[in-house]
Amino acid sequence: IFFIIRMIWKDNEYYRKPERLIVLLRKICNIIIDQGSKEIHTSIFSKIHDPDLIDEAIEKLELVRVYIQKFMEAYFQYKDKDDKPWLISRNVVFFRLDAFNDRVGDILNIALSFKEFVSVHTKSIGGIKGEVLINTLKDIFKECSNAVKVFTKDDYNPLDISSNAFNTKYNAYKETLKELEKRIAAILTQTFDECDTIIGKFKILENFDTILERPNIVIELENKYKNLLDLYKTELRTVQNLFISGKEYIDKDDPRSPLNRNMPPVASMLIWLDSLKERIKEPYARFIAIGPRIINKEEFKEIEKLYNSIIRLLLEYEESKKKSWEENARTYSTDKLKDYVLAKKDNFIQTNFDQNLLQLLKEIKYFKILNLPIPQEAEALYEKNPIFRKHIGNLENISIQYNNIIRSLNDVETPLVREKLNKVQKMLEPGFSSITWEKTKEIDDFAAKSLNNISDLAATVEKLKLFVHKIEHILR
């Protein structure tokens, strides 16, 4: 449209006069006003008052304002485009369109504010006074609803910019809205102050998120944001102190260590560090989500530096422990498998599965649960875990039976079973000298044969004990 008007201005002497151009532009503005009125319609307040139709009403109002804005932008784009500018005042051309745009903006403000109050009256509030505060919110919503109903009464056109009826009603509505906002701010303040935890306070703000931008509520929230920042700063200091003291206890293996004794140490340490990080990360993310209203404050910038320094400390300690564990994992995954499967202790035997290797398998299990990276050597070791469990069980059974036999034999009885005892000891010898944990197939054969021979020896010793018992009974 403005391109054609610009061409007319350039080529037509009759229209190359401000008064002619003003008339043409005013007519176009009147057409836009008429078209916008048809789009919005005089029944707009009936839609605004209906929670099911309010979104449709808001969409229509916003669409009309977008079209008017684009029309204005096009005017300024072509107004001074070449060497023959339009020497006319903006207000002379657009005074009616501006008034209509302002009227649509006022109606849009009513729709948006009522939508915010619709969402607020359905909120739930906990605590001792929760039910009372919820009923107060419902009363506030009813008053807001009644204030909107006023616009649907009487026979008048809210889009008629020549009538002052709308302005009278709108000024009264703004006063009512201001009072209602103060009452909601009081409820928000009371609920906020009664909550003890920082996350709980954030949840209260999220519960009222649809109305937090209202002018009278923003003023009240400024103090609450300062309280939140002070509370979070205290929380950061607490976490920092917990880390410093906990790290010292862990490094010294102090009984006051914060680690879970029912878990392997490295996995327990990582979970502890994660809990510290989570404790400060969630509130920080919620502050960031609030936006410039809080993150531009000097207090927050100071807190942000403290937060970053604590996170850096936690991550550096975590990485050092992970690196140390990975090095040990690679070493134990190869070196400790070269140990012999059995070991002697005095006259007894025991399963020779290194405790560090056993600890490593437990750590790998928890690392998998935590989705943490595992060295390739440790991963290959863990795949053999079921085999190790089976072998350890068989070898423990062999050790227990053998040791029980040795304990039960006295000096007189031992020569009687010497032949079978020597056979068993010879059978067990490879477990002390040649069979390592790498040789899984040999361990299976070794365990099966050894168990058979020990079982046979155990049966013989049992019979011997029975005969000795009978002889002692006869001699009595």
Side-chain angles (χ1 to χ4, degrees), residues 1-50 52-116 148 151-152 156-171 173-174 213 215 291-292:
I1 289 174
F2 278 104
F3 174 78
I4 295 171
I5 294 174
R6 188 75 208 175
M7 297 303 295
I8 293 172
W9 175 265
K10 288 177 63 176
D11 301 334
N12 191 310
E13 286 189 19
Y14 179 79
Y15 271 100
R16 200 184 301 154
K17 298 176 182 178
E19 60 270 21
R20 299 274 194 273
L21 185 61
I22 289 171
V23 172
L24 178 61
L25 291 174
R26 281 180 177 177
K27 286 183 178 292
I28 296 173
C29 288
N30 290 337
I31 292 172
I32 292 174
I33 291 172
D34 292 340
Q35 191 63 35
S37 299
K38 289 178 183 177
E39 179 69 19
I40 297 172
H41 201 265
T42 56
S43 63
I44 186 68
F45 280 104
S46 298
K47 292 183 177 179
I48 290 174
H49 196 260
D50 187 340
D52 295 329
L53 299 176
I54 190 170
D55 287 331
E56 180 187 337
I58 290 172
E59 184 179 351
K60 286 182 179 293
L61 292 164
E62 289 177 338
L63 186 63
V64 169
R65 284 176 64 82
V66 167
Y67 285 150
I68 293 174
Q69 180 63 30
K70 289 186 178 296
F71 178 76
M72 299 284 191
E73 290 172 357
Y75 166 78
F76 285 107
Q77 181 182 348
Y78 282 90
K79 177 177 179 292
D80 302 316
K81 195 162 187 180
D82 51 37
D83 58 349
K84 295 179 181 180
W86 299 343
L87 302 175
I88 55 177
S89 172
R90 178 194 181 286
N91 294 335
V92 174
V93 177
F94 295 118
F95 70 94
R96 290 194 79 247
L97 187 60
D98 284 340
F100 179 76
N101 192 34
D102 290 342
R103 178 63 56 83
V104 173
D106 291 341
I107 298 173
L108 178 61
N109 183 46
I110 294 169
L112 291 173
S113 62
F114 184 69
K115 183 181 178 182
E116 290 168 353
V148 173
F151 289 94
T152 62
Y156 82 107
N157 180 4
L159 298 171
D160 182 4
I161 57 177
S162 63
S163 170
N164 200 42
F166 174 84
N167 291 334
T168 303
K169 294 175 183 289
Y170 183 58
N171 288 333
Y173 175 78
K174 286 194 292 185
E213 298 297 332

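Fair warning: this is a prediction, and the values are worked out from it, not measured in the lab. Counting from 1, the numbers follow the sequence of the chain as shown.
- Here the closest heavy-atom approach between residue A111 and residue I54 is recorded as O-CD1, 3.4 Å.
- Closest approach of R65 and V104 over heavy atoms only: CG-CG1, 3.6 Å.
- Across all their heavy atoms, N164 and N167 have their closest contact at OD1-ND2, 3.0 Å.
- Atom CG of residue L97 and atom CD1 of residue I31 lie 12.0 Å apart, to the nearest 0.5 angstrom.
- Applying the ring pair (Phe, Tyr, Trp, His ring centres under 6.0 Å) criterion to F94, with sequence neighbours excluded, gives F71, Y75.
- Counting non-hydrogen atoms of neighbouring residues, nucleotides and ligands closer than 6.0 angstrom, the CZ atom of F166 exceeds 12 such neighbours.
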Kindly indicate, with the supporting measurements, whether the criterion side-chain contact (heavy atoms from CB on, under 4.5 Å) is fulfilled by I107 and L159. CA-CA 9 Å; I107 298 173; L159 298 171; 3.7 Å; yes
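- Interatomic distance, CZ of F2 versus CG of L25, reported as 5.5 Å (0.5 Å rounding).
- Side-chain atoms of R96 never come within 3.5 Å of backbone atoms of C29 as a donor-acceptor pair (strictly under, hydrogens ignored).
- With hydrogens and angles ignored, the 3.5 Å screen pairs no side-chain donor or acceptor of S163 with any backbone N or O of D160.
- For D98, the salt bridge (charged side-chain N to carboxylate O under 4.0 Å, His left out) test picks out R90, with sequence neighbours left out.
- Distance check, rounded to the nearest 0.5 Å: CD1 of I32 to OG of S37 gives 11.5 Å.
- Shortest non-hydrogen contact noted between K79 and I88 is CE-O, 3.9 Å.
- Under the 3.5 Å distance criterion, with hydrogens and angles disregarded, a donor-acceptor pair is assigned to the side chains of E73 and Q69.
- In this structure, I40 CD1 and L63 CG are separated by 9.0 Å, a value rounded to the nearest 0.5 Å.
- Within a 6.0 Å radius of CZ in F3, no more than 12 heavy atoms belonging to other residues, nucleotides or ligands are found.
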Pairs of donor and acceptor atoms involving the side chains of residues 55-62, under 3.5 Å and at least two apart or interchain, shall be tabulated with distances.
residue	atom	partner	partner atom	Å
D55	OD1	K115	NZ	2.8
E56	OE2	K47	NZ	3.1
K60	NZ	E39	OE2	3.4

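- Note that CD1 of I5 and CD1 of I8 are 6.5 Å apart. Values are rounded to the nearest 0.5 Å.
- With F45 as reference, F151 is the one residue of Y173, F151, F114 to meet the ring pair (Phe, Tyr, Trp, His ring centres under 6.0 Å) rule.
- Every residue meeting the side-chain contact (heavy atoms from CB on, under 4.5 Å) condition with N109, not counting sequence neighbours, appears here in chain and number order: Y170, R214.
- Judged by distance alone, the side chain of R26 and the main-chain N or O of V93 form no donor-acceptor pair under 3.5 Å.
- Residues in residues 16-37 take part in no ring-ring contact (aromatic ring centres under 6.0 Å, His included) pair, two or more places apart or across chains.
- Under the ring pair (Phe, Tyr, Trp, His ring centres under 6.0 Å) criterion, F100 pairs with no residue, sequence neighbours left out.
- Remark: D102 CG to D106 CG distance equals 6.5 Å, nearest 0.5 Å.
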